[in-house]
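As the structure lists them, so they are numbered: ligands from 1, and atoms in each ligand from 1. What you see below is based on every heavy atom in this structure, not just the backbone, and it leaves out hydrogens, waters and symmetry mates.
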Amino acid sequence: MKSVALLLKSKADPSSVWSTSPTDSVFNAVTLMAQKNVGALLVLEQGAVVGILTERGCVRNMLLGERAPRNTLVREVMSAPVRYVQPHHTNEDCMALMTDKRLRHLPVMQDGKLLGLLSIGDLVKDIISEQNFIIQQLEHYIVGERG
Ligand SMILES: NC(=O)c1ccc[n+]([C@@H]2O[C@H](COP(=O)([O-])OP(=O)(O)OC[C@H]3O[C@@H](n4cnc5c(N)ncnc54)[C@H](O)[C@@H]3O)[C@@H](O)[C@H]2O)c1
């Protein structure tokens with residue numbers, strides 16, 4: 001199982017995290033999510049993580065509350081507090097936390113500093129690639145035994 005530090009390194013831009021502010025409108029935030037093709041934005045206030053805005057949170061809060069995205073502030077629909085992981089945690093730790101708390105995105109923090117963000121897709125991608133590697137090794141082993 002890879003560490004969170006290694007998982008972050010495999011992202012195209014490990015330390016870049018798209019974010020919004022509690023006082024921005026949901027319309028602006030969702031526009032940014034669409035532009036960057038991501039399913040969540042961290043909500044930062046004076047550099048501190050104060051919440052997370054997710055596609056699921058937006059859809060449920062906006063539709064069920066019959067709210068207008070241009071007139072609703074991020075802080076009204078964000079989830080808080082935010083669960084996070086540290087660089088020494090493993091893929092398995094992240095999966096367990098995501099499953100237990102029903103999360104799809106986890107910020108990576110160390111000593112109060114934001115280092116990056118991992119999605120459930122990042123974790124699943126890594127697990128599939130590890131499994132493919134093991135399958136390849138076993139195939140080589142079996143072919144080697146026969147050859
Ligand atoms: N989540 C699932 O279980 C799942 C299953 C099958 C398919 N998918 C699809 O796979 C695609 C990827 O899903 P996902 O779970 O990776 O979520 P995602 O779409 O939010 O993340 C896509 C990538 O962007 C990064 N990212 C997300 N938010 C970010 C932010 N604020 N700042 C910086 N980087 C950010 C993630 O780390 C990931 O590498 C989506 O199109 C989704 O519909 C997801």
Side-chain angles (χ1 to χ4, degrees), residues 1-140:
M1 275 286 160
K2 280 206 191 85
S3 69
V4 161
L6 271 180
L7 288 167
L8 261 192
K9 273 191 190 160
S10 64
K11 281 186 68 175
D13 194 355
S15 60
S16 140
V17 178
W18 301 108
S19 63
T20 181
S21 88
T23 51
D24 202 357
S25 71
V26 169
F27 183 87
N28 284 345
V30 173
T31 302
L32 182 63
M33 275 195 220
Q35 282 169 351
K36 303 303 174 191
N37 198 20
V38 294
L41 296 177
L42 280 190
V43 186
L44 303 183
E45 194 169 39
Q46 290 167 0
V49 178
V50 294
I52 185 164
L53 188 74
T54 65
E55 286 171 330
R56 178 188 274 189
C58 284
V59 170
R60 290 190 182 172
N61 280 297
M62 300 308 294
L63 291 183
L64 297 179
E66 296 185 16
R67 295 162 186 255
R70 289 180 198 274
N71 300 327
T72 305
L73 298 180
V74 165
R75 69 167 172 240
E76 297 174 60
V77 296
M78 71 186 191
S79 305
V82 182
R83 301 265 174 182
Y84 65 90
V85 286
Q86 297 178 61
H88 70 269
H89 285 120
T90 63
N91 189 328
E92 204 170 29
D93 296 329
C94 297
M95 281 293 196
L97 187 58
M98 284 179 165
T99 307
D100 186 37
K101 303 295 175 194
R102 293 171 160 262
L103 309 168
R104 292 179 181 184
H105 298 85
L106 285 172
V108 181
M109 313 266 299
Q110 190 170 40
D111 300 328
K113 189 173 172 237
L114 178 62
L115 301 181
L117 179 139
L118 290 175
S119 71
I120 194 160
D122 297 326
L123 303 174
V124 170
K125 200 170 121 192
D126 176 67
I127 289 170
I128 291 172
S129 113
E130 280 210 353
Q131 285 176 345
N132 282 340
F133 178 75
I134 292 168
I135 289 168
Q136 272 181 7
Q137 295 295 307
L138 288 172
E139 281 175 352
H140 283 305

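- Nearest heavy atom pair, residue D24 against residue A29, reads OD2-N, 4.5 Å.
- Considering backbone and side-chain N/O atoms, G39 comes within less than 3.5 Å of an N/O atom of ligand 1.
- Checking only distances, V38 never comes within under 3.5 Å of ligand 1, N or O to N or O.
- For CD of E92, the number of neighbouring non-hydrogen atoms (other residues, nucleotides, ligands) closer than 6.0 Å is 12 at most.
- Shown here, atom 15 (O) of ligand 1 is in close reach of the protein: a heavy atom of it lies under 4.0 Å off.
- Counting heavy atoms under 4.0 Å from ligand 1, residue R104 does not touch it at all.
- Under a 4.0 angstrom heavy-atom cut-off, H105 registers as being in contact with ligand 1.
- Nearest to atom 37 (O) of ligand 1 by heavy-atom distance, out of L53, L106, D122, L7, is D122.
- At a heavy-atom distance under 4.0 Å, atoms from both the backbone and the side chain of S119 approach ligand 1.
- Less than 4.0 angstrom separates atom 25 (C) of ligand 1 from at least one non-hydrogen atom of the protein.
- A side chain to side chain contact (heavy atoms under 4.5 Å, CB included) with R104 is found for exactly one of E55, M98, R56, namely R56.
- With a 4.0 Å heavy-atom cut-off, ligand 1 is reached by no atom of S19.
- Checked against a 3.5 angstrom limit, the closest N/O atoms of G121 and ligand 1 fall inside it.
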V26 and R67: CA distance, side-chain angles, deciding distance, side chain to side chain contact (heavy atoms under 4.5 Å, CB included) verdict: CA-CA 10 Å; V26 169; R67 295 162 186 255; over 6 Å; no

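- Among all protein heavy atoms, the one lying closest to atom 3 (O) of ligand 1 is I120 CG2, 3.5 Å.
- Distance from atom 33 (C) of ligand 1 to its nearest protein heavy atom, with residue and atom name: S16 O, 3.3 Å.
- Remark: ligand 1 atoms within the under-4.0 Å shell around heavy atoms of V17 are 32 (N), 33 (C).
- For the atom pair K36 NZ and W18 CH2, the distance stands at 3.5 Å (nearest 0.5 Å).
- A donor-acceptor contact shorter than 3.5 Å links the side chain of D122 to the backbone of S119.
- Near L117, with a cut-off below 4.0 Å to any heavy atom, the atoms of ligand 1 are 26 (N), 27 (C), 28 (N), 29 (C), 35 (C), 37 (O).
- Shortest contact from atom 32 (N) of ligand 1 to any protein heavy atom: W18 N, 2.8 Å.
- Inclusion of K11 in the set of residues having an N or O under 3.5 Å from an N or O of ligand 1 is warranted.
- Per-residue contacts place A40 under 4.0 angstrom from the following atoms of ligand 1 (heavy atoms of the residue considered): 28 (N), 29 (C), 30 (C), 31 (N).
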